[in-house]
Amino acid sequence: MPDPTQPATPVVPDKGTNPMWGGRFAGGPAAIMERINASIGFDRKLWAQDIAGSRAHVAMLAAQGIVSAEDAAAIDHGLEQIAGEIAEGKFEFKTALEDIHFNVESRLTEIIGPAAGRLHTARSRNDQVATDFRLWVRDAFDRLEQGLQALQAALIAQAGQHADTILPGFTHLQVAQPVTFGHHLLAYVEMLGRDRSRVADARARANECPLGAAALAGTPYPIDRHATAKALGFDRPTANSLDSVSDRDFALDYLATAGICAMHLSRLAEEIVFWSTPQFRFVRLSDGFSTGSSIMPQKRNPDAAELVRGKTGRVFGSLGALLTVMKGLPLTYQKDMQEDKEPVFDADDTLMLCLAAMTGMVESWTVNAEAMRRATEAGFPTATDLADWLVRQLGVPFREAHHITGHLVKLAEDKGCHLSDLPLAEMQAVHPGITDAVYAVLTAEASVASRKSHGGTAPDRVREAVQAAKERFL
Ligand code: ARG
């Protein structure tokens, strides 16, 4: 332990040169140099990972006889103390010390004295930052997985309640065929399930430990990379030292996964926006997830859904930003790569907020089954059922059945009535083989009930799918 009667080793030595690398410099950096170089403003977020990585590293150095047990113990205690100081908000982060790695090491020097200088044996900030960031991204993947599962749970619960609720399904945003609302919601459950599988794949790829790659070439010290990898919960050490400090594809994997997920959320968000208009009234967002207008007292605005839709742009932007940073960089570490963190931090904050807001909206909305059912009465959504009936009952080729049905739709449109309101005689004038039995297939209920094919919208299939989704995802 340091002698408290002696002054601690100075953080910034004479002439203002950087204590970590200033040996060959005669003076300190220009103020603007310090500003452009510093990442502590954002990479302080990596503090817990940085300290965990250092503790694993020093334990390994001691086990391998590279540093003494006493020095390792002092370093470990010092790091533990620093973790406490940061957690309690008592740590002073300094821009002059550039980044989280130097800030922690410098404080360690203040606490334990020169022994702190042994921590950086057999490593470099290049493998250190790659390790810290992988650990952080791994946690971000785990958060994302949880958020996705929570939203799936909310959607599956709603789908179970609405296996029989009928609404128009759309293509081209034109009424297409009746579907069940439960089926519609389960479509999003599938998308989110694929998002989760992307998370799992990317997390597994990211879970290799770069620590010990050192600056770029490896190290002459007899380190045990398997031990540090294991201590930090990685599956194995990375295989190539140059690659270890060069690539950020784990962060790009995160951003690509986040981008696809945000895209999925934006589509549900858009549907919520128009479902909640007075024209549709398919859902009513709870008061907790609606906002009013400062001038129009009647308004209930779906701001949360609009923001989920809008914030998707930030997530896409983050992916574009990091791809652009990495494009064309020669091996190995380049300072450009310090720009890797903020896009990932922002995407994580943004996406987790969007997932939580979406889950809240879905859990608390009120579904208007009547408005949905009424909407199936416009736009002739059972026209395909009529064509199918002509094929199956009268043996008419589908193309011809399509044509006949087109005539009947035109007839109903001209009369301003539903297909089911057309008198039999008028139908027979278009095709003489049509009988009374046709009316049974013209209701929305009959239409959805008939779509029993695997993955189809029939209420019975939806009930099975809800059960299966619970088993697969919850
Ligand atoms: N703050 C740096 C970053 O985030 C740490 C690595 C610095 N390495 C170096 N050789 N300058 O990228």
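For ligands, and for the atoms within them, numbers begin at 1 and follow the listed sequence.
Using a 30° and 60° split on the angle between ring planes, Phe250 and Phe133 fall in the perpendicular class, above 60°. Aromatic ring pairs are classed by plane angle as parallel below 30°, tilted from 30° to 60° and perpendicular above 60°; the pair Phe282 and Trp275 is tilted. In this pair, Phe274 and Phe280 present their aromatic rings tilted. The plane angle is within the 30 to 60° band.
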Which protein N or O atoms sit under 3.5 Å from any N or O of ligand 1? Give atom names and distances.
from: ligand 1; atom 1: 1 (N); to: Ser39; atom 2: OG; distance (Å): 3.3
from: ligand 1; atom 1: 1 (N); to: Asp99; atom 2: OD2; distance (Å): 2.9
from: ligand 1; atom 1: 1 (N); to: Gln338; atom 2: OE1; distance (Å): 2.8
from: ligand 1; atom 1: 4 (O); to: Lys341; atom 2: NZ; distance (Å): 2.5
from: ligand 1; atom 1: 8 (N); to: Asn126; atom 2: OD1; distance (Å): 2.9
from: ligand 1; atom 1: 10 (N); to: Asn126; atom 2: OD1; distance (Å): 3.0
from: ligand 1; atom 1: 11 (N); to: Arg125; atom 2: NH2; distance (Å): 3.3
from: ligand 1; atom 1: 12 (O); to: Tyr333; atom 2: OH; distance (Å): 2.4

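Applying the ring-ring contact (aromatic ring centres under 6.0 Å, His included) test between Phe345 and each of Tyr254, Trp136, Phe42 identifies Trp136 as the sole match.
Listed by chain and number, the residues in a side chain to side chain donor-acceptor pair (under 3.5 Å) with His184 are Glu271 (sequence neighbours excluded).
Seen from the ring of Phe93, Arg44 counts as a face-on cation partner, given the 6.0 Å and 45° thresholds.
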